[in-house]
Number of protein chains: 2
Amino acid sequence: MRHSAKPSVAKSSAAKPRRRASRAATPKRYHHGDLRRVLIEAALQLVGEGGAEAVSVREAARRAGVSPGAPFRHFPSRDALIQAVAEEAQRGFRAEIEAALRGAPVGDPLGRFRCLGLAYLRWAMRNPTHFEIISSRRLFDHDRAAAISKDNAELIALTEQTLAEASAAGQLRSADLKQVQIAGRALVYGFARMNIDGHFPRWGVAGPEAERTAEAVLDLFIEGIAKRP
Amino acid sequence: MRHSAKPSVAKSSAAKPRRRASRAATPKRYHHGDLRRVLIEAALQLVGEGGAEAVSVREAARRAGVSPGAPFRHFPSRDALIQAVAEEAQRGFRAEIEAALRGAPVGDPLGRFRCLGLAYLRWAMRNPTHFEIISSRRLFDHDRAAAISKDNAELIALTEQTLAEASAAGQLRSADLKQVQIAGRALVYGFARMNIDGHFPRWGVAGPEAERTAEAVLDLFIEGIAKRP
DNA sequence: CAATCCGAGTAATCGGTGCTTACATTCACA
DNA sequence: TGTGAATGTAAGCACCGATTACTCGGATTG
């Protein structure tokens, strides 16, 4: 926020300095001990409260009980802080995808493709702020975040490969795999963003219902691309 | 932007006051004449340059050649300015949709549905900043923008009705029209947002190619929901 | 034509923001 | 036990949105 649209989030849970677990307890130290970690958590909290643009370095510092300049010892800029949050989120996302893939059917590529889509949607619905922060290019410089770009490229390659296997197994109707892949991505991305952007209330999709709708929509798409007798 | 990430857009095309067309020309007047209009245009320009969050009242005023406080005579807040921009964008969007619908086949509901999707995608691809500003709920209060909400509801009802006609004509495979509608919306919305959010470069979709890809992806979806022999 | 009303501009100011610099404190290792 | 590096604070810059008191000048009147 710029300033006065958020007039006073302030002064609530500030001033609770932590220290290394291996040290004796003294309630107030000059050195924080784990400020970087706490700042990331505070930023994540701020994302959840008002969107990624609402992350303010000062407010994060305030919540960490530290002076406004302190965060810049750990992050060269606000963007770098947000990028760190994004890397955190990306790790969680990747873990979810890989877990889902481990539980996917082995001899059924299209079924694996469905699992991928389902994991994508489920994670996005349950962690909308995390999803938002890794999805929009404007929030930070994706080119600098090598880990995130690499992760994304690998996941894209993974779906590509899965689709290719499905095609080779004769499970697909269309021959243009690239179009199928982009369409699938647009579908899940669009669904996840509709959730973030607050479209679902006017579509009559309530919160808890959204995850089931997500699955139904994904199945609709997959039936659409599958070869039928 | 918050401040120094955009250090000096300034001082370029400022100080060109306009006046009512029906008046004689005097190059500098105390009263601007059409400040509201010029501010909306400047804001639209700013959206195009740095995203909707980069719209700054001061910069808009600067480009209109007017003092920083002047815009608040026309808009009670920054959000109100952005909302005015959004209403402008929504008018253009609606006009595009209606034009496409006039040129759509009459006896072919699914064909009309395709026309709707195509118009949506084409407008979104050609006016990404306009699309962005009406798509995200966080940028302004949609509930206050009655015109936009009404427009949206009407367009949603239109696609619903078109789908119902297609279903009645036996053109659809699935019986759950609501899911088909949401899936279609997620597809086109996701595609449009992928464009805005800068995803296409890493998908190997270049700029001019995007519009053709959009059409192909839409056709893939429609074939997927259509009843086949 | 002159007086005046009031819409629409200016100038100054406030608090909030990202970020930088100079300084202070503490930790960890020699 | 010192001492340098790491990490905090304090102060201040430029910018932002928003408010207030003022001032200008176009249009409406008598």
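Any value given below was found using the heavy atoms of this structure, including those in side chains, with hydrogens, waters and symmetry copies removed.
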Exercise. So, do A/Phe131 and A/Tyr120 have ring centers that fall under 6.0 Å from each other?
Worked result: yes

Exercise. When the ring planes of A/His130 and A/Trp123 are compared, do they come out parallel, tilted or perpendicular, using 30° and 60° as the limits?
Worked result: perpendicular

Problem set entry | Rounded distance in Å - CD (B/Glu53) to P (D/dC16) | 15 Å

Problem set entry | Interatomic distance, B/Asp79 CG vs D/dA18 C1' [rounded to whole Å] | 12 Å

Exercise. Can you tell me how far the NE2 atom of A/His74 sits from the CZ atom of A/Arg36, to the nearest 0.5 Å?
Worked result: 8.5 Å

Check nucleotides 19-21 of chain D against the protein and report each pair of N or O atoms closer than 3.5 Å, with its distance, or say if there are none.
unit_1 : atom_1 : unit_2  : atom_2 : d
D/dA21 : N6     : B/Arg73 : NH2    : 3.2

For this session: Decide, yes or no, whether a salt bridge links A/Arg63 with A/Glu59 under the criterion of side-chain N to carboxylate O below 4.0 Å.
Result: yes

For this session: Test for a donor-acceptor pair under 3.5 Å between the base of C/dG18 and the side chain of A/Arg58, counting only N and O atoms.
Result: yes

Problem set entry | Per A/Val57 side chain, nearest of listed nucleotides C/dC19, D/dT9, D/dA18 | C/dC19

Exercise. Distance from A/Leu187 atom CG to B/Arg185 atom CZ, nearest 0.5 Å?
Worked result: 13.5 Å

Seminar exercise, completed: Between CD of A/Glu59 and P of C/dC19 the distance, given in whole Å, is 16 Å

Exercise. Does OP1 or OP2 of C/dG7 have a side-chain N or O of B/His74 closer than 4.0 Å?
Worked result: no

Exercise. Between the two ends of the helix from C/dC1-D/dG30 to C/dA30-D/dT1, what is the bend in degrees, rounded to 10 degrees, where each end axis spans five pairs?
Worked result: 10°

Exercise. What is the distance, rounded to the nearest whole Å, between atom CG of A/Leu35 and atom C1' of C/dT26?
Worked result: 15 Å

For this session: Calculate the interatomic distance between A/Ile82 atom CD1 and C/dT17 atom C1'; express it in whole Å.
Result: 13 Å

Problem set entry | Side chain to side chain, A/Leu158 and A/Leu101, heavy atoms closer than 4.5 Å | yes

Exercise. Can a side chain N or O of B/Ser56 be found less than 4.0 Å away from OP1 or OP2 on D/dG17?
Worked result: yes

Exercise. Is it true that the side chains of A/Thr213 and B/Gln179 contain a donor and an acceptor less than 3.5 Å apart?
Worked result: no

Seminar exercise, completed: Sequence neighbours excluded, the answer for side-chain hydrogen bond (donor to acceptor under 3.5 Å, both in side chains) partners of B/Lys178 is none

Exercise. Please give, in whole Å, the distance from C/dT17 P to A/Arg78 CZ?
Worked result: 11 Å

Exercise. Can a salt bridge be assigned to the pair A/Glu88 and A/Arg37 using a cut-off of 4.0 Å between side-chain N and carboxylate O?
Worked result: yes

Seminar exercise, completed: Checking D/dG8, D/dA18, C/dC19 against the side chain of B/Ser77 (C-beta onward), the nearest is D/dA18

